[in-house]
Engineer: 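One structure, as structure tokens, below. Some questions next.
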Amino acid sequence: MGSITTSANQQSIGSFMPRYNPAEIEPKWQQYWETERTFRTPDMPQAEKLYVLDMFPYPSGSGLHVGHPEGYTATDIVCRFARMRGKTVLHPMGFDAFGLPAEEHAIKTNTPPRVSTEQNIAEFTRQLKMLGFSYDWERALATTDVGYFRWTQWIFTVLFDTWYDPEQQRGRAIAELPIPDDVTAQGAKAVADYRDARRLAYQDDALVNWCPALGTVLANEEVIDGKSERGDHPVQRMPLRQWMLRITAYAERLIGDLDGLDWSPGIKKLQCDWIGRSTGAEVDFFLGSTDEYLKWSAERVDIGFPTDAGSDVLRVYTTRPDTLYGATYMVVAPEHPLIEQLTVAGQREAVEKYRQAASFKSDRERTEDDAKKKTGVFTGSSAINPVSGKPIPIWVADYVLASYGTGAIMAVPAHDERDYEFAVQFDLPIITVVEPIAEPRTQLGTEPSGSSGKDKSATASEHAPGETTGQCFSGYGTAINSGQYDGTPTAQFKTLITESLATQGLGREAVNYKLRDWLFSRQRFWGEPFPILHELDRTGKATGAIRAVAAEDLPVNLPHLEDYKPHGRPEPPLGKAPDEWLYVELDGKRYRRETNTMPQWAGSCWYYLRFIDPHNDTVFCDPIKEKAWMPVDLYVGGAEHAVLHLLYARFWHKVLFDRGHVSMPEPFQKLVNQGMILGEVEYTGYQSAGKWVSTSNLRKDEDGQLITVDTRQPVESVVVDEADVTKKGDSFVLANDPSIRVDSRAHKMSKSRGNVVNPDQVVKEYGADSLRLYEMFMGPLEATKPWSMAGVNGVRNFLDRVWRLMVDYQAEHFELLPAVQDVAPTAEQNQVLHRTIAAVTHDIEMMSFNTAIARMMEFVNFFTKAEVRPKSAMADFVLLLAPFAPHLAEELWQLLGNSHSLAYQAWPVVDEAATKSAEVEVPIQINGKLRGRMVVPADCSKENLEKLALADPRTQELLEGKQIVKTIIVPGRLVNLVVK
RNA sequence: GCCAGAGUGGCGGAAUGGCAGACGCGCUGGACUCAAAAUCCAGUGUCCGCAAGGACGUGUGGGUUCGAGUCCCACCUCUGGUACCA
């Protein structure tokens with residue numbers, strides 16, 4: 001670190017005036033940290049470890065957004081703070097660089113994806129470094145690095161090599177899978193197929209979401225409203241052979257293990273709901289005549305409930321077996337396997353037509369037309385209701401999903417909203433079998449206490465989670481029209497009938513999940529190739545046998561392709577790879593490589609492990625280092641990844657755990673979701689035919705268009721300048737016409753709206769420390785908040801004041817103000833200092849950065865007034881500021897006479913005694929209203945407080961003629977006199 | 001529809017059940033200046049009042065409490081998520 005030199009651009013004419021100039025000091029310190037390797041993390045923790053992780057960004061072509069530095073600044077503060085408290089901190093950064101946008105961009109600009117990806121990474125890196133984050137850049141990685149995706153591929157081979165043992169509730173090596181004797185007897189091919197069907201990574205002819213515009217299939221999670229999450233293109237359903245990951249095997253553990261995690265209840269619930277566990281029963285409905293039914297049911301008593309439903313029954317899943325007596329018809333999904341058998345000759349044409357229509361309907365179309373309007377066709381056949389012994393008709397309808405439960409339902413129109421609508425539509429019988437419990441909704445006002453009211457409502461909601469709508473009641477109640485069960489409460493009935501069905505061999509308890517297996521293959525170029533080989537016979541046809549590429553032969557690199565554009569057909573672009581890549585000979589056999597690639601999620605499933613040991617080329621992560629650094633102690637990122645990324649990563653981690661590659665079952669101990677940053681607040685007025693229309697005179701028409709209420713004319717929105725509006729009551733109105741209300745709202749930043757704030761611009765104008773500080777000062781980290789340039793200016797102003805607190809800005813040289821002296825602080829100064837230390841320390845621990853900054857502002861306001869500013873207090877303050885505004889802090893630290901970075905300087909210690917004051921001001925309340933204040937010794941006793949309060953002249957005046965009924969005294973806090 | 005979160009000055013926001021509005025922005029006044037900018041100092045919830053002081057005030061209505069922005073019940077509005085999962 002050289003001596004501080006005068007900058008030419010600081011003051012070109014006249015005497016040198018050392019102003020706060022972030023454009024000069026920020027690059028200087030970034031350079032220093034880099035050359036001194038200040039933030040390099042040792043291989044193993046040297047002290048208590050702290051692993052703080054940011055969700056790594058996707059390096060898009062548009063560069064960093066102001067939303068990125070929000071979470072990154074928060075974690076940077078936590079890390080810098082932790083280092084100063086002696087912890088060994090692991091704080092890495094990387095890039096999630098595979099995926100569709102890069103490929104789309106590459107196609108559009110005709111650059112290879114690797115080239116544009118590298119450019120984007122370079123740009124992101126520059127921007128991140130410009131903000132002064134204390135990452136250990138030597139650990140930086142990108143999911144597209146060959147040395148990285150080699151291990152992504154390796155983990156895939158682990159998934160391929162694993163089956164889930166439901167008894168032990170864990171994944172085990174495929175070699176340990178017990179093979180039934182009859183399978184063994186059928187030979188090696190049968191055994192291989194048996195294994196392949198049970199692997200965690202398996203191929204399946206799945207009904208997939210095919211997106212022609214993107215030229216790939218998408219996971220259910222990537223389809224929103226029947227359109228692709230990326231690009232908003234329509235998606236079709238079609239059957240295709242795809243790679244799937246058996247995440248459903250881990251559903252139970254993915255729910256259960258949430259318990260021990262320090263995540264917000266909201267996020268936990270989101271994951272829980274996504275997994276969607278429900279309990280109920282599977283019930284078999286006999287397909288045949290009433291006569292045969294007696295014989296069949298007698299047999300069932302002996303043989304019990306079979307694992308696989310035969311073709312003589314229609315198996316359904318229901319969460320309400322108690323409503324079995326009300327099941328008046330059945331519905332199968334259009335894709336149900338028994339449909340051919342169920343359809344009678346006369347209905348064949350109609351059913352076939354309906355099935356065709358349903359299969360060609362995209363999800364978009366299924367949801368677009370009135371979702372409430374049910375469609376369906378009668379199959380002509382019926383099944384026997386096992387409790388009544390009576391036949392009920394079987395219908396086909398697309399409101400039943402093939403992929404959930406058994407793909408068939410028993411319909412109870414009296415107690416299920418959807419069944420009810422369908423029954424009304426097609427005039428099917430409705431039998432009520434549950435009677436709502438008449439809620440004793442007594443007058444709430446007469447409740448004896450709040451707590452008993454709470455108990456009552458909890459019980460009520462537990463027993464009646466549904467609502468009565470028209471004729472349909474989906475809540476819990478008491479059974480009626482249910483034979484011997486009449487009068488039984490729903491919950492009890494469920495248990496009883498499930499047991500009864502089980503003993504009769506007609507049903508069994510069952511658990512279902514909304515979560516589906518993870519569709520893992522994509523028909524695109526820019527992703528990790530699958531490390532899988534398909535065996536070919538002599539004629540070059542696939543035999544169906546597959547094997548994984550051996551670990552020592554990894555990575556499978558991407559081949560060079562002249563043309564990797566999607567062509568709208570489901571054959572992956574890698575199919576056009578040169579033969580040298582595509583075909584492999586091993587052990588005298590010929591193989592063709594798998595040509596699908598992995599989805600973007602793959603790389604982000606384990607990057608946190610690679611950061612621990614990023615350059616290891618013998619193992620994905622050294623187990624000793626893994627054990628030392630894991631779990632991630634703090635993981636910060638946007639809530640948009642609350643479900644997908646976090647669920648996928650947890651799943652992979654559990655597989656690695658089961659197979660002994662990592663030491664703990666969960667990767668992310670504490671999770672914090674940063675809120676979204678919106679654009680500046682905008683005022684929007686509306687005009688119709690050039691005349692202003694008040695927002696109170698607006699409504700939406702059927703098409704969602706804004707029209708006026710009175711004339712029904714469409715309106716156009718007009719941006720109104722802040723100076724032209726004024727507040728009136730609860731809303732804003734035009735200043736020159738208060739009858740016209742306008743909208744006041746901040747919108748999501750978007751290119752089309754033109755309200756995107758560019759971090760480069762902010763840094764150029766105000767400096768990185770100001771940007772960091774502002775993003776933390778805006779409000780709570782987790783809240784959604786609007787941007788305000790005036791606010792940035794405000795924190796910049798604060799940093800200027802910090803500068804002038806210590807720097808002699810009128811001097812000829814860069815030097816301390818004469819006011820900064822080597823003297824002991826006064827008692828008052830010491831109190832302010834230590835209160836500030838205590839508050840800032842506490843607030844950082846709570847991640848309440850906005851209040852921490854407020855406390856530092858108070859410190860500066862106080863010491864700005866001081867004629868003499870003790871150097872020791874200034875030094876402590878600089879250390880407090882360092883995690884927030886590290887560049888400025890380093891500069892001042894140096895000015896205070898230190899020759900080394902403050903990055904590892906010990907955090908100031910609070911002197912508790914100094915924070916206390918001898919006297920406190922205590923309010924006097926009369927009947928809970930503030931009536932006066934008095935200054936008393938801090939340790940003033942209750943008795944003395946009362947005496948002093950009563951002696952107060954103003955109190956006496958107010959108490960005249962009144963009688964004191966009660967006195968509440970909280971020492972050091974308040975006195976409250978209750979009088980009559 | 002359902003689920004989650006949030007409603008506090010002109011604005012962003014603070015407040016272990018104990019003095020609502022910390023801190024910042026904005027605004028007003030003052031000092032400095034020939035003047036301006038910058039800076040520093042003071043004030044700034046609303047209403048009544050010359051003032052002292054008083055009344056009202058945390059989306060709405062109720063409740064618990066000596067005391068409620070905070071706890072309970074009901075409702076309204078906004079934001080985000082989700083969508084036939086039987």
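Just so it is clear: chains get the letters A, B, ... in the order the sequence lines come, proteins before strands, and each one is counted from 1. What's counted below: heavy atoms across the whole structure, side chains too, no hydrogens, waters or symmetry copies.
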Engineer: Run the side-chain hydrogen bond (donor to acceptor under 3.5 Å, both in side chains) test against Ser731(A) and tell me which residues pass, sequence neighbours left out.
Structural biologist: Arg741(A)

Engineer: What salt bridge (charged side-chain N to carboxylate O under 4.0 Å, His left out) pairs are there with at least one residue in residues 843-854 of chain A, not counting sequence neighbours?
Structural biologist: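 Qualifying pairs, neighbours excluded: Arg85(A)-Glu845(A).
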
Engineer: Under 3.5 Å, sequence neighbours excluded: what are the donor-acceptor pairs made by side chains of residues 779-787 of chain A?
Structural biologist:
from      : atom 1 : to        : atom 2 : distance (Å)
Lys785(A) : NZ     : Glu70(A)  : OE2    : 2.6
Lys785(A) : NZ     : Pro780(A) : O      : 2.8
Lys785(A) : NZ     : Leu781(A) : O      : 3.2
Lys785(A) : NZ     : Ala783(A) : O      : 2.6

Engineer: Heavy atoms from C-beta onward define the side chain here; which of rA22(B), rC84(B), rG18(B) lies closest to that of Tyr399(A)?
Structural biologist: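 Closest of the options to the side chain of Tyr399(A): rC84(B).
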
Engineer: For nucleotides 11-17 of chain B, read 5' to 3', which letter fits each nucleotide if B means a protein heavy atom sits under 4.0 Å from the base, S means only the sugar-phosphate is that close, and - means neither?
Structural biologist: SBSS---

Engineer: Just to be sure I understand the rule, does Thr318(A) reach a base, reach only the sugar-phosphate, or reach nothing, if contact means heavy atoms closer than 4.0 Å?
Structural biologist: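 Result for Thr318(A) = sugar-phosphate.
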
Engineer: List, with names and distances, any nitrogen or oxygen atoms from the protein found under 3.5 Å away from nitrogen or oxygen atoms belonging to nucleotides 55-58 of chain B.
Structural biologist:
from    : atom 1 : to        : atom 2 : distance (Å)
rA55(B) : OP1    : Arg931(A) : NH2    : 3.4
rA55(B) : OP2    : Arg931(A) : NH1    : 3.3
rC56(B) : OP2    : Lys929(A) : NZ     : 3.3

Engineer: Who pairs with Arg931(A) by side-chain hydrogen bond (donor to acceptor under 3.5 Å, both in side chains), at least two apart in sequence or on another chain?
Structural biologist: none

Engineer: Checking Leu428(A) now: which residues fulfil side-chain contact (heavy atoms from CB on, under 4.5 Å) with it, not counting sequence neighbours?
Structural biologist: Tyr329(A), Pro393(A), Trp395(A), Phe422(A), Ala423(A), Phe426(A)

Engineer: Identify which nucleotide among rG18(B), rA22(B), rG54(B) has an atom closest to any side-chain atom of Arg954(A), counting heavy atoms from C-beta outward.
Structural biologist: rG54(B)

Engineer: Can you label the angle between the Tyr325(A) ring and the Phe493(A) ring as parallel, tilted or perpendicular, going by 30° and 60°?
Structural biologist: tilted

Engineer: Using a cutoff of under 3.5 Å, can you pull out all pairs of nitrogen or oxygen atoms linking the protein to nucleotides 69-71 of chain B, with atom names and distances?
Structural biologist:
none

Engineer: Which is true for Ser278(A) with a 4.0 Å heavy-atom rule: it touches a base, it touches only sugar-phosphate, or it touches nothing?
Structural biologist: sugar-phosphate

Engineer: According to side-chain contact (heavy atoms from CB on, under 4.5 Å), who are the partners of Ile255(A), at least two apart in sequence or on a separate chain?
Structural biologist: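 Listed in chain order: Cys272(A), Ile275(A), Arg277(A), Tyr513(A).
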
Engineer: Can you check each nucleotide of nucleotides 32-51 of chain B against protein heavy atoms at under 4.0 Å and return B for base, S for sugar-phosphate only, - for none, in 5' to 3' order?
Structural biologist: -------SSSS---------

Engineer: Partner lookup for rU77(B), please. Criteria are Watson-Crick or G-U wobble with both distances under 3.5 angstrom; report none if nothing qualifies.
Structural biologist: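 Its partner is rA6(B) (Watson-Crick or G-U wobble, both distances under 3.5 Å).
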
Engineer: Could you pick out which residue, Gly791(A) or Ile409(A), lies toward the 5' side of RNA chain B when each is mapped onto its nearest nucleotide?
Structural biologist: Gly791(A)

Engineer: List the residues meeting side-chain contact (heavy atoms from CB on, under 4.5 Å) with Asn793(A), not counting sequence neighbours, and say none if there are none.
Structural biologist: Tyr766(A)

Engineer: In whole Å, measure the gap between the P atoms of rA42(B) and rC75(B) for me.
Structural biologist: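 Roughly 50 Å separates the two P atoms.
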
Engineer: Starting the side chain at C-beta, find the nucleotide from rU79(B), rC25(B), rC19(B) nearest to Leu930(A).
Structural biologist: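 That would be rC19(B).
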
Engineer: Taking a pair as Watson-Crick or G-U wobble with both distances under 3.5 Å, which nucleotide is matched to rU33(B)?
Structural biologist: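 Across all strands, not a single nucleotide pairs with rU33(B).
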
Engineer: Can you check the distance between rU60(B) and rC76(B), where both ends of the measurement are the P atom (answer in whole Å)?
Structural biologist: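 Nearest-Å result for rU60(B) against rC76(B) at atom P: 15 Å.
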
Engineer: Only pairs with both distances under 3.5 Å count, Watson-Crick or wobble alike; so what is the partner of rG12(B) in this structure?
Structural biologist: rC23(B)

Engineer: List the residues meeting side-chain contact (heavy atoms from CB on, under 4.5 Å) with Asn927(A), not counting sequence neighbours, and say none if there are none.
Structural biologist: Val978(A), Val979(A)

